[in-house]
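First the structure, in the form of structure tokens, and then the observations on it.
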Amino acid sequence: MVHMTSVAPAVAPGSASAKQPRVRFAPSPTGFLHVGGARTALFNWLFAKKFGGQFLLRIEDTDRQRSTDESTRAIFEGLEWLGLTWDEEVVYQGANVARHYADAHRLLETGAAYRDFTPAAELDRLRAEAEARGEVFRFDRARVMLSEAEVASKLAANEPFAIRFKVPEGETAWDDLVHERIAFPNKDIEDFVILRSDGTPVYNMAVVSDDIAMRITLVMRGDDHISNTPKQILLYRALGADEPQFGHVPMIHGADGKKLSKRHGATAVGDYQHQGLLPQSMLNFLALLGWSPGDDTEVMTLAELVEKFHVRGLQKKAAVFDTKKLEWMNGQHLAQIPIAELAAIVAPMFERAGLATAADLSARAEWFHGVLELLRVRARLTDEIVAQAGPFFTDTVEYDPDAVSKLWRDANAAAGILQATHDRLASLDAWEPAAMEEALRTLAESLGISGGKIFQPLRVALFGLTVSPGIFDVLLYVGRDRSLARIAAAVQFLKNG
RNA sequence: GGCUCCAUCGUCUAUCGGUUAGGACGCGACCCUUUCAAGGUCGAGAGACGGGUUCGAUUCCCGUUGGAGCUACCA
């Protein structure tokens, strides 16, 4: 793991400016950026932007077993893709263990914490025994607190010890940004370990030490952290630091009502990126999961989200991740995104699909944009745009068997109509939709058939499918030469059929 | 089990004690129409239950039930 940054010495932020909030997103790099994390990041980011503060990123990589550089990179990429850029340098928690250690020992010196020489294995054993008896294991301070003499002798014998925080009597409460007041009786909080016997810090210690050092003014995170909060508040106080404000946003659940996890399918932000989602759709959708602008607005850009964001709209209830609505949301954004922006996003996909090179597309930008206009409105994912674009790019079309059997059922009749269509279109002075439509409608009239009887077989000839954008748009964007050639080829196909 | 949080249509949500409980997704119907979308109109669809407080509760309080999270020398 790379540690590029360390932060200033711990202790008292004291003068954290209320006007300049400092928030952070603190994922542990043990996997990809998941949607729940992305939403927490978004709310923090929104809060920072809304109130002109800073949004910081801290990688909580103190669990060396599970943390990977690959995950760290994935988190960066995910946030960058979403456009949730962070202020200041990234803080790697692992770079701060010396301070965490020092803070834990400071607590030991002030008497806010004490040494526990009980081996971890012994604790495990006691826990297992209690469970076997059907009881709940309660950590007993009296059993492990030693006299000064005993401590001195164990120290002299070099016995390893963990440092535990001595939870005081009373109650620990705070006014949560989204829940109002939350209170925990201290008797329900065990004396928790802050420094392991190997000298490494435990989560709550590291978090508090870092949040103090980073001068965080608001800790906004998932409500699965609610039970950590009283412990952290106790640490702030014992360390003599002002506690920040806390806000606990609800979880995201899968369709089964359980906390979202891998078994619910795609939960990584990257999964959606690769499925053809626009970052603004993801952001918009995530924002609406657990937050509401208070009115009926649904489709919003990031800038609009910043403008409308307010903590009052934060929800207390867990929300179910509904991919159907996500896709609808993407369709909305697909329809309203500036066409050049869409083109830039989608061009590499066309290249990968082998339909055109990026250079080719930019050389024919106007044409390409026109094609995208036709396709965007009937797509929900950018993938679908690419999938449906084929006939605009290829030289020849493949006939879908269903289309042939349905719309070219009577081969002779179809060939006749297509031939007549070909001749009418070929005689046109201008390759222009209105003229084409007029010509073909008059043709239909003279043949005594409905327009559809011409348009549908024509669609198969031009697109090979029963579905396509409007037929005159297809004619226009496939182009005169290719269109006429395709119609002629269809006539041949039908005659030989 | 203990602690904590939560509770309006299937889902996301609006409602600052007085509404025919509104909108969106999804679903159904219709309109538009050369197909598919998009769009438009309409429809079905909700205050978990029981007590209070109040002239009046979805809204405030309590309880029940239900759901979720945490419960490590993980983060």
Pairwise [atom1] distance, [M] and [N] [rounded to whole Å]:
{"N": "rA14(B)", "M": "rU33(B)", "atom1": "C1'", "value": "35 Å"}
{"N": "rC36(B)", "M": "rC42(B)", "atom1": "C1'", "value": "23 Å"}
{"N": "rA75(B)", "M": "rG50(B)", "atom1": "C1'", "value": "42 Å"}
{"N": "rU59(B)", "M": "rA24(B)", "atom1": "C1'", "value": "22 Å"}
{"N": "rC3(B)", "M": "rA44(B)", "atom1": "C1'", "value": "43 Å"}
{"N": "rA7(B)", "M": "rG63(B)", "atom1": "P", "value": "15 Å"}
{"N": "rC9(B)", "M": "rG22(B)", "atom1": "C1'", "value": "12 Å"}
{"N": "rU19(B)", "M": "rA57(B)", "atom1": "P", "value": "11 Å"}

Look at the side chain of N186(A) and the backbone N and O of P168(A), then say whether any donor-acceptor pair between them is shorter than 3.5 Å.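 Pair found, side chain donor or acceptor close to backbone of P168(A).
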What distance separates F184(A) CZ from E171(A) CD, expressed to the nearest 0.5 Å?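 Answer rounded to 0.5 Å: 10.5 Å.
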Of all the nucleotides listed ([options]), which has the minimum atom distance to the side chain of [X]?
{"X": "Q332(A)", "options": "rA75(B), rG39(B), rU35(B)", "value": "rG39(B)"}
{"X": "Q93(A)", "options": "rG23(B), rA75(B), rU34(B)", "value": "rA75(B)"}
{"X": "K316(A)", "options": "rU34(B), rC6(B), rA38(B)", "value": "rC6(B)"}
{"X": "K317(A)", "options": "rU4(B), rC6(B), rU11(B)", "value": "rC6(B)"}
{"X": "D63(A)", "options": "rA7(B), rA37(B), rA75(B)", "value": "rA75(B)"}
{"X": "R378(A)", "options": "rA37(B), rG10(B), rC73(B)", "value": "rA37(B)"}
{"X": "A162(A)", "options": "rC73(B), rU4(B), rA24(B)", "value": "rC73(B)"}
{"X": "S468(A)", "options": "rU13(B), rU35(B), rC70(B)", "value": "rU35(B)"}
{"X": "K259(A)", "options": "rA68(B), rG69(B), rC25(B)", "value": "rG69(B)"}
{"X": "D296(A)", "options": "rG23(B), rC36(B), rC12(B)", "value": "rG23(B)"}

Figure out the [atom1]/[atom2] separation between [X] and [N], and round it to whole Å.
{"X": "I449(A)", "N": "rU34(B)", "atom1": "CD1", "atom2": "C1'", "result": "12 Å"}
{"X": "L334(A)", "N": "rG39(B)", "atom1": "CG", "atom2": "P", "result": "12 Å"}
{"X": "M205(A)", "N": "rA72(B)", "atom1": "CE", "atom2": "C1'", "result": "18 Å"}
{"X": "Q336(A)", "N": "rG39(B)", "atom1": "CD", "atom2": "P", "result": "12 Å"}
{"X": "F321(A)", "N": "rG10(B)", "atom1": "CZ", "atom2": "C1'", "result": "17 Å"}
{"X": "D224(A)", "N": "rC6(B)", "atom1": "CG", "atom2": "P", "result": "15 Å"}
{"X": "E327(A)", "N": "rU11(B)", "atom1": "CD", "atom2": "P", "result": "19 Å"}
{"X": "N330(A)", "N": "rA37(B)", "atom1": "CG", "atom2": "C1'", "result": "15 Å"}

Is a donor from one side chain sitting under 3.5 angstrom from an acceptor on the other, for T62(A) and H100(A)? no
Identify whether any heavy atom of [X] sits under 4.0 Å from a base atom; if not, whether one sits that close to sugar-phosphate; answer base, sugar-phosphate or nothing.
{"X": "H248(A)", "value": "nothing"}
{"X": "E190(A)", "value": "nothing"}
{"X": "E298(A)", "value": "base"}
{"X": "N204(A)", "value": "nothing"}
{"X": "I471(A)", "value": "base"}
{"X": "F472(A)", "value": "base"}
{"X": "T118(A)", "value": "base"}
{"X": "V320(A)", "value": "sugar-phosphate"}
{"X": "A183(A)", "value": "sugar-phosphate"}
{"X": "P27(A)", "value": "nothing"}
{"X": "L123(A)", "value": "base"}
{"X": "S197(A)", "value": "base"}
{"X": "A319(A)", "value": "sugar-phosphate"}
{"X": "P119(A)", "value": "base"}

Identify the nucleotide, in any strand shown, that forms a Watson-Crick or G-U wobble pair with [N], with both distances under 3.5 Å; if there is none, say none.
{"N": "rG18(B)", "value": "rC55(B)"}
{"N": "rC30(B)", "value": "rG40(B)"}
{"N": "rG69(B)", "value": "rC3(B)"}
{"N": "rC25(B)", "value": "rG10(B)"}

Report yes if the distance between the aromatic ring centroids of [X] and [Y] is under 6.0 Å, otherwise no.
{"X": "W328(A)", "Y": "F285(A)", "value": "no"}
{"X": "F392(A)", "Y": "F463(A)", "value": "yes"}
{"X": "F192(A)", "Y": "F139(A)", "value": "no"}

Taking the six-membered ring for Trp, are F246(A) and H248(A) parallel (under 30°), tilted (30 to 60°) or perpendicular (over 60°)? parallel
Give a yes/no answer on whether the side chain of [X] brings an N or O atom under 4.0 Å of OP1 or OP2 in [N].
{"X": "K325(A)", "N": "rG26(B)", "answer": "no"}
{"X": "H179(A)", "N": "rC6(B)", "answer": "yes"}
{"X": "R441(A)", "N": "rU34(B)", "answer": "yes"}
{"X": "R66(A)", "N": "rA75(B)", "answer": "no"}
{"X": "R58(A)", "N": "rA75(B)", "answer": "no"}
{"X": "Q315(A)", "N": "rA14(B)", "answer": "yes"}
{"X": "R380(A)", "N": "rA38(B)", "answer": "yes"}

Judged by nearest nucleotide, the residue sitting upstream toward the 5' end of RNA chain B, G470(A) or V136(A), is V136(A)
Charged N to carboxylate O under 4.0 angstrom, R380(A) versus E384(A)?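 Result for this pair is no, no salt bridge flagged.
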Charged N to carboxylate O under 4.0 angstrom, E373(A) versus R376(A)? yes
Partner of L334(A) by side-chain contact (heavy atoms from CB on, under 4.5 Å), out of L277(A), L278(A), L372(A):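 When L277(A), L278(A), L372(A) are each tested with L334(A), the side-chain contact (heavy atoms from CB on, under 4.5 Å) holds only for L278(A).
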